[in-house]
Structures are given as C-alpha cells and as structure tokens.
Amino acid sequence: MIDFTEEETQALPAVMRALAPEMERIGWERPLHQLTQNDMRRLIVVTVEAFRAEMAEIAAEAEIPF
C-alpha cells in the first residue's frame, strides 16, 4: 500500500460519506464475494467520483506554491 499525501488523507472522509448509502443499499454484513458485478462497479464508481470531487475542492482551496 502506498502512502497517501496530506490532501488525499483529507479526502477520505468524503469518500466514506459517499460510500455509506451504497453500503446501506447492499448491506453492511454482506461478504464482498457475494456482490454482483454491478454492485462492485457501483462501489468503484462512487469511490472514484467522490475522491476526484473532493481532491478538486481541496486543490481549489490550496494556495498556489509560487
């Protein structure tokens, strides 16, 4: 596993908030091997979209380093 940057670490709570409704829909106790291909795809898409959106917001708030 790679080390996250400070900004990536800051983005993780937003990703978790985005995943929570999907996990509620799927069921928190359901083993991963029982997920359908569509469930897995949806989890990946939600994760990536939430991470990208949060990283863009963090970058927009950051100072230009020069």
Side-chain angles (χ1 to χ4, degrees):
M1 191 165 139
I2 61 169
D3 292 332
F4 283 9
T5 65
E6 181 180 334
E7 292 83 1
E8 290 168 335
T9 300
Q10 290 173 0
L12 292 179
V15 174
M16 289 184 269
R17 286 190 300 275
L19 280 175
E22 285 302 311
M23 291 304 300
E24 285 294 323
R25 182 185 64 77
I26 291 169
W28 288 94
E29 301 299 323
R30 192 165 169 198
L32 287 177
H33 73 274
Q34 289 183 356
L35 297 183
T36 67
Q37 184 176 3
N38 286 337
D39 287 337
M40 286 300 295
R41 182 176 290 127
R42 183 72 186 142
L43 287 176
I44 292 166
V45 167
V46 167
T47 300
V48 172
E49 286 179 352
F51 187 77
R52 284 180 176 171
E54 190 65 15
M55 288 298 291
E57 189 171 317
I58 290 168
E61 294 172 0
E63 292 184 30
I64 299 174
F66 53 87

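Hydrogens, waters and symmetry mates play no part in the numbers below; they use all other heavy atoms, side chains included. Since the model is a prediction, treat every value here as computed from it, not as a measurement.
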Requested in this report: Using side chain to side chain contact (heavy atoms under 4.5 Å, CB included) as the criterion, point out the one residue from Leu32, Leu19, Leu35 that pairs with Ile26.
Outcome: Leu35
Requested in this report: Dump the intermediate steps for side-chain contact (heavy atoms from CB on, under 4.5 Å) on Ile58 and Glu8, then the final yes or no.
Outcome: CA-CA 9 Å; Ile58 290 168; Glu8 290 168 335; over 6 Å; no
Report summary line: So CD of Glu57 and CD of Gln10: to nearest 0.5 Å the spacing works out to 11.0 Å
Report summary line: d(Glu54 CD, Arg17 CZ) to nearest 0.5 Å is 6.5 Å
Report task. For Leu12, check side chain to side chain contact (heavy atoms under 4.5 Å, CB included) against everything at least two apart and list the hits. Result ->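 Partners of Leu12 under the side chain to side chain contact (heavy atoms under 4.5 Å, CB included) test: Phe4, Met16.
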Query raised in the report: salt bridge (Lys or Arg N to Asp or Glu O under 4.0 Å) with Arg42: which residues, sequence neighbours excluded?
Result: Glu22
Query raised in the report: If you group Ile, Leu, Val, Met, Phe, Trp and Tyr by side-chain heavy-atom gaps below 4.5 Å, do Trp28 and Met40 land in one group?
Result: yes
Query raised in the report: So with a 6.0 Å cut-off around CD of Gln34, is the heavy-atom count from everything else above 12?
Result: yes
Query raised in the report: Is the number of heavy atoms from other residues, nucleotides or ligands within 6.0 Å of CZ (Arg30) greater than 12?
Result: yes
Requested in this report: Might you point out which heavy atoms bring Ala50 and Ala18 nearest each other, and give the distance in Å?
Outcome: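 The pair with the smallest heavy-atom distance is CB-CB, 3.5 Å.
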